[in-house]
Amino acid sequence: MRIPELFGRSGPVFSFEFFLPKTAAETTVLFDSIRELKELRPAFVTLIAGLLTDIRAFGIESIVALRGDQPRDVEVPPPDRRDFGYARDLVAFIRERGDWSVAVAGYPEKHPEAPSPEEDMRRLAEKVAAGADWVMTQLFFDNRDYFAFVRRAREAGITVPIVPGIMPVTSYKQLKRFMGLCGASIPRKMAADLEAIQADPEAVVRYGIEHGRKQCFELLAAGVPGIHFYTLNKSRSTREILRSLRG
């Protein structure tokens with residue numbers, strides 16, 4: 001079944017995201033997390049795959065098309081000198097080569113490289129026009145940012161499902177690093193709360209679980225089509241939040 005078809009069924013759709021490990025130890029952690037999260041029966045997960053022909057051979061029909069992070073150790077060529085200057089070009093390339101279901105990223109607080117929220121929304125509209133079936137948002141910690149983003153997207157003529165992306169906080173240091181990379185912001189009270197407990201790793205994890213749980217309950221009450229969890233290859237926080245949501 002294609003992923004967009006899931007959004008039309010009864011009940012919200014839950015999904016997880018994993019990152020490719022860089023070391024043997026990280027590989028062990030990743031697969032331990034996958035085994036632990038498997039019992040929660042997510043609708044789907046994202047992992048980076050190889051060429052389209054290879055993944056099609058495995059029966060995969062849905063792809064999350066992202067430009068990806070800019071490399072830091074080499075000079076980045078301008079868009080007109082890349083194979084895919086923008087994510088919209090990757091979406092079009094994928095759709096031209098098969099009947100794929102394609103998801104793209106959306107940024108409630110705008111992409112960090114976008115000159116303005118309006119330009120960022122135009123880019124999103126271009127990705128949808130190129131063939132994207134649904135949108136998965138970047139992480140956010142204030143649901144008002146998501147709701148405002150959806151309103152602006154609808155006003156821009158974007159009608160596909162927009163699934164909120166949630167990242168349970170597990171480390172204050174890691175959180176601040178992520179915020180610098182993705183352009184998302186930390187609400188003032190949340191930053192103060194985490195600042196006060198940052199020396200207690202367990203307290204930070206518990207705070208992240210509770211904040212994520214409240215976010216998800218409010219989002220589900222508003223009728224979102226699903227929730228996509230950024231797991232950071234850890235399972236505890238996502239497990240506890242999702243079990244709470246499922247009762």
Side-chain angles (χ1 to χ4, degrees), residues 3-4 6-7 11-19 30 33-34 36-47 64 66 103-112 124 134-153 160-191 193-194 203-247:
I3 290 172
L6 297 174
F7 297 132
V13 173
F14 297 105
S15 55
F16 307 145
E17 176 156 314
F18 302 105
F19 295 96
L30 170 60
S33 294
I34 290 175
E36 292 169 346
L37 290 168
K38 182 179 179 181
E39 66 184 68
L40 297 177
R41 304 186 309 281
F44 61 92
V45 301
T46 55
L47 285 165
V64 179
L66 307 175
V104 294
Y107 296 80
E109 299 176 76
K110 93 172 183 61
H111 191 285
L124 179 60
W134 59 286
V135 176
M136 175 195 306
T137 79
Q138 179 59 278
L139 62 94
F140 58 91
F141 295 104
D142 188 332
N143 287 350
R144 290 175 296 183
D145 292 326
Y146 169 80
F147 295 133
F149 175 71
V150 172
R151 284 194 299 271
R152 292 191 293 111
V160 298
I162 300 177
V163 178
I166 298 298
M167 188 188 81
V169 178
T170 57
S171 163
Y172 185 52
K173 180 179 180 181
Q174 183 183 54
L175 174 64
K176 291 195 294 184
R177 181 171 63 84
F178 263 71
M179 297 303 97
L181 293 173
C182 70
S185 62
I186 309 173
R188 183 174 300 177
K189 182 180 185 306
M190 183 179 187
D193 290 344
L194 289 170
V204 171
V205 170
R206 290 198 305 269
Y207 185 95
I209 291 171
E210 182 59 19
H211 187 275
R213 188 185 68 81
K214 290 179 179 178
Q215 269 194 282
C216 291
F217 270 114
E218 183 180 27
L219 290 166
L220 292 173
V224 298
I227 294 175
H228 183 68
F229 289 96
Y230 294 103
T231 69
L232 301 182
N233 295 357
K234 299 176 182 178
S235 68
R236 175 188 168 186
S237 297
T238 301
R239 285 203 323 269
E240 293 196 22
I241 293 172
L242 191 46
R243 283 172 177 163
S244 176
L245 298 179
R246 285 175 168 171

Testing the basics here: between [X] and [Y], what is the closest heavy-atom pair and its distance to 0.1 Å?
{"X": "Y230", "Y": "M167", "value": "O-CG, 3.6 Å"}
{"X": "P187", "Y": "F141", "value": "CD-CB, 3.6 Å"}
{"X": "I162", "Y": "Y146", "value": "O-OH, 2.6 Å"}
{"X": "M179", "Y": "A184", "value": "SD-O, 3.5 Å"}
{"X": "V163", "Y": "H228", "value": "CG1-N, 3.8 Å"}
{"X": "A105", "Y": "V135", "value": "C-CG1, 4.1 Å"}

Problem set entry | R144, CZ atom: more than 12 neighbouring heavy atoms under 6.0 Å | no

What distance separates [X] [atom1] from [Y] [atom2], expressed to the nearest 0.5 Å?
{"X": "L245", "Y": "I227", "atom1": "CG", "atom2": "CD1", "value": "6.0 Å"}
{"X": "L124", "Y": "K110", "atom1": "CG", "atom2": "NZ", "value": "14.0 Å"}
{"X": "I186", "Y": "F140", "atom1": "CD1", "atom2": "CZ", "value": "15.0 Å"}
{"X": "E36", "Y": "T231", "atom1": "CD", "atom2": "OG1", "value": "11.0 Å"}
{"X": "I166", "Y": "S237", "atom1": "CD1", "atom2": "OG", "value": "12.5 Å"}
{"X": "S235", "Y": "L242", "atom1": "OG", "atom2": "CG", "value": "12.0 Å"}

Would you mind reporting whether [Y] and [X] have side-chain heavy atoms less than 4.5 Å apart?
{"X": "R236", "Y": "I209", "answer": "yes"}
{"X": "P12", "Y": "V224", "answer": "no"}
{"X": "I241", "Y": "C216", "answer": "yes"}
{"X": "T137", "Y": "V150", "answer": "no"}
{"X": "S244", "Y": "F217", "answer": "yes"}

For this session: Kindly write out the residues that satisfy side chain to side chain contact (heavy atoms under 4.5 Å, CB included) with R188, not counting sequence neighbours, or none if the list is empty.
Result: none

Problem set entry | Note: E210-R206 ion pair, threshold 4.0 Å (strictly below) | no

Backbone N/O of [Y] and side chain of [X]: donor-acceptor pair under 3.5 Å:
{"X": "T170", "Y": "V205", "answer": "no"}
{"X": "Q174", "Y": "V169", "answer": "no"}
{"X": "D145", "Y": "E109", "answer": "no"}

For this session: Evaluate the criterion side chain to side chain contact (heavy atoms under 4.5 Å, CB included) for residue pair L194 and L175; output intermediate values, then yes/no.
Result: CA-CA 10 Å; L194 289 170; L175 174 64; 3.6 Å; yes

